[in-house]
Amino acid sequence: MSGVPLAVVMVTLFPTLPLRAEGPEEAAGNEARALAALLEPIRERHGLPALAGAIVTAEGPIAVGAVGLRRAGDGPAVSLDDRFHLGSCTKAMTATLLATFVEEGVISWQTTLAEALPDLARVMHPDYRSATLEQLLAHRAGFSGETAAPGLSLLAMKASSASLTAQRTDYLRRVLAEAPASRPGTTFEYSNRGYIVAGAIAERLGKAPWEDLMRRRLFEPLGMSSGGFGPMASPGRADQPWPHLVREGITLPIPPGPGADNPLMIGPAGTVHASMADWARFVACHLRAGEGRPALLAPETFATLHARPGDGNYAFGWGFHERSWGGGTVLNHAGSNTMNYAVVWMAPRRRFAVLAATNQAGDAGPKACDEASSALIQYYMENHAGK
């Protein structure tokens with residue numbers, strides 16, 4: 001979740017769009033230049049290698065901008081098509097994936113872990129057996145905030161040569177045998193574990209790895225051709241942004257490879273990367289909420305995914321907040337693997353959203369992305385709202 005409340009937008013005024021008629025390519029170029037003018041001062045102020053942003057409506061991305069370098073120091077420059085790591089913003093995608101199975105009737109939001117994982121019911125701690133899929137996706141199934149499994153470190157996960165599905169099954173056996181951190185249904189505790197379990201349930205329902213299901217059920221129907229998992233760049237190349245760490249004031253590019261992301265095994269909790277435009281296509285699908293094409297899910301299913309829980313502020317990969325610029329309730333999520341950072345703010349009532357991402361986390365990444373989000377919100381209000 002985002003560390004800055006984004007209660008108001010910045011008051012700096014930005015240039016409006018030209019009033020004369022434009023062709024689609026010229027309009028997109030003008031939007032990209034306008035967003036670059038917004039983003040570059042923020043990137044410089046926080047010392048980030050790169051910063052990207054997008055404005056989204058129910059029709060899709062209407063403006064995308066990207067500034068800075070794929071790799072600090074010697075570049076090359078980022079492009080509008082470059083991919084950024086979404087971290088825990090993946091969680092809304094995993095919840096949406098599970099919703100496709102709910103619509104098919106092979107599982108329900110009230111299905112228990114014992115029913116969804118019958119082969120593991122005997123090793124499952126008794127308190128987990130009655131936890132539901134809905135509780136799992138609302139961080140109320142009792143799982144702790146620790147990502148590693150008992151007897152299995154993140155480093156060991158990276159070193160495993162087993163298939164991702166086999167790794168997730170082993171992970172389930174370990175975390176389900178452990179006593180819950182709290183009794184399911186009683187306490188909110190943000191948990192990557194819960195989403196890894198949810199992804200493993202999807203694998204059993206779809207009889208395929210979570211990654212393949214994501215491609216077939218989300219990326220391909222929505223036209224997200226850049227969607228992928230793990231580090232963005234190819235080994236030994238700067239063909240996409242590299243992640244960065246800051247040590248004693250020095251920005252360190254992290255080469256593509258195992259050290260450039262968390263273990264792929266934890267994918268359902270946060271390993272997706274995508275271009276800003278493709279991420280926007282996923283968010284636009286949620287803004288359409290079953291109206292128009294591609295719909296992906298029925299309106300009533302989106303209504304469930306977007307419903308604020310009665311006793312909390314998180315469900316199905318979204319946090320809920322009240323913001324005047326959004327006309328009331330807005331949905332938000334942020335994600336980081338400690339080397340990248342991304343955030344989305346979605347205003348369903350006003351049918352728009354803003355996205356921001358950078359290839360550095362630490363203290364600067366979240367601050368810069370929230371400043372960028374504020375600037376993008378105001379830009380939308382001044383140039384697009386009501387048009």
Side-chain angles (χ1 to χ4, degrees), residues 17 21-36 38-39 52-66 78-84 86 89-90 92-93 95-97 99-100 214-228 272-299 301-303 305-306 317-318 325-327 330-333 342-357 369 372-373 375-387:
L17 296 176
E22 300 172 323
E25 291 186 5
E26 184 180 6
N30 285 334
E31 296 276 22
R33 286 187 288 274
L35 263 59
L38 301 184
L39 296 171
I55 300 171
V56 193
T57 68
E59 285 69 46
I62 62 171
V64 178
V78 294
S79 76
L80 295 180
D81 296 325
D82 275 3
R83 303 167 187 179
F84 285 84
L86 307 186
C89 296
T90 298
M93 297 180 178
T96 303
L97 172 64
T100 67
M214 289 282 283
R215 291 188 184 97
R216 294 203 301 256
R217 289 176 174 250
L218 267 66
F219 296 171
E220 291 174 9
L222 295 175
M224 296 173 60
S225 59
S226 69
V272 167
H273 64 242
S275 70
M276 298 303 288
D278 278 352
W279 186 18
R281 291 182 176 94
F282 171 77
V283 174
C285 181
H286 276 262
L287 286 168
R288 287 192 297 275
E291 301 174 4
R293 293 285 181 243
L296 201 65
L297 299 167
T301 304
F302 279 110
L305 294 176
H306 298 165
W318 298 106
W325 56 262
V330 300
L331 282 64
N332 156 259
H333 213 291
V343 66
V344 50
W345 289 89
M346 183 171 73
R349 293 183 183 179
R350 293 191 170 161
R351 294 173 71 80
F352 86 99
V354 297
L355 318 175
C369 283
S373 297
L376 293 170
I377 289 166
Q378 183 166 346
Y379 181 87
Y380 173 80
M381 295 295 192
E382 292 180 352
N383 294 283
H384 291 282
K387 297 180 181 180

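- Inter-residue side-chain proximity for His384 and Phe352 is flagged as unmet; no heavy-atom pair is nearer than 4.5 Å.
- A heavy-atom distance below 4.5 Å is not found between the side chains of Val272 and Trp279.
- For Leu97 against Arg217, the heavy-atom pair with the smallest separation is CD1-CD, 3.6 Å.
- In this structure a side-chain-to-backbone donor-acceptor pair under 3.5 Å is present from Ser226 to Ser275.
- Between His306 and Phe302, the ring planes lie tilted relative to each other; the angle falls in the 30° to 60° range.
- Considering only heavy atoms from C-beta on, Pro348 comes within 4.5 Å of Leu331 through its side chain.
- Counting only heavy atoms from C-beta outward, the side chains of Tyr380 and Arg350 never approach each other to under 4.5 Å.
- In this structure, the side chains of Trp345 and Leu376 stay at 4.5 Å or more apart for every pair of heavy atoms.
- Side-chain N or O atoms of Asn332 include none that pairs as donor or acceptor with a backbone N or O of Met346 at under 3.5 Å.
- The OG1 atom of Thr57 sits 4.0 Å away from the CD atom of Glu59 when rounded to the nearest 0.5 Å.
- Listed here is the closest heavy atom pair of Val283 and Ala353: CG1-CB, 3.6 Å.
- Considering every non-hydrogen atom in both Leu38 and Ala375, the closest pair reads CD1-O, 4.0 Å.
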Test side-chain contact (heavy atoms from CB on, under 4.5 Å) on Phe219 and Asp278; report intermediate values, then the result.
CA-CA 9 Å; Phe219 296 171; Asp278 278 352; over 6 Å; no
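- For the atom pair Thr100 OG1 and Arg216 CZ, the distance stands at 10.5 Å (nearest 0.5 Å).
- Here the side chains of Leu297 and Leu305 are in contact, with some heavy-atom distance below 4.5 Å.
- When atom types are taken as modelled, the side chain of Arg288 and the backbone of Pro294 share a donor-acceptor pair closer than 3.5 angstrom.
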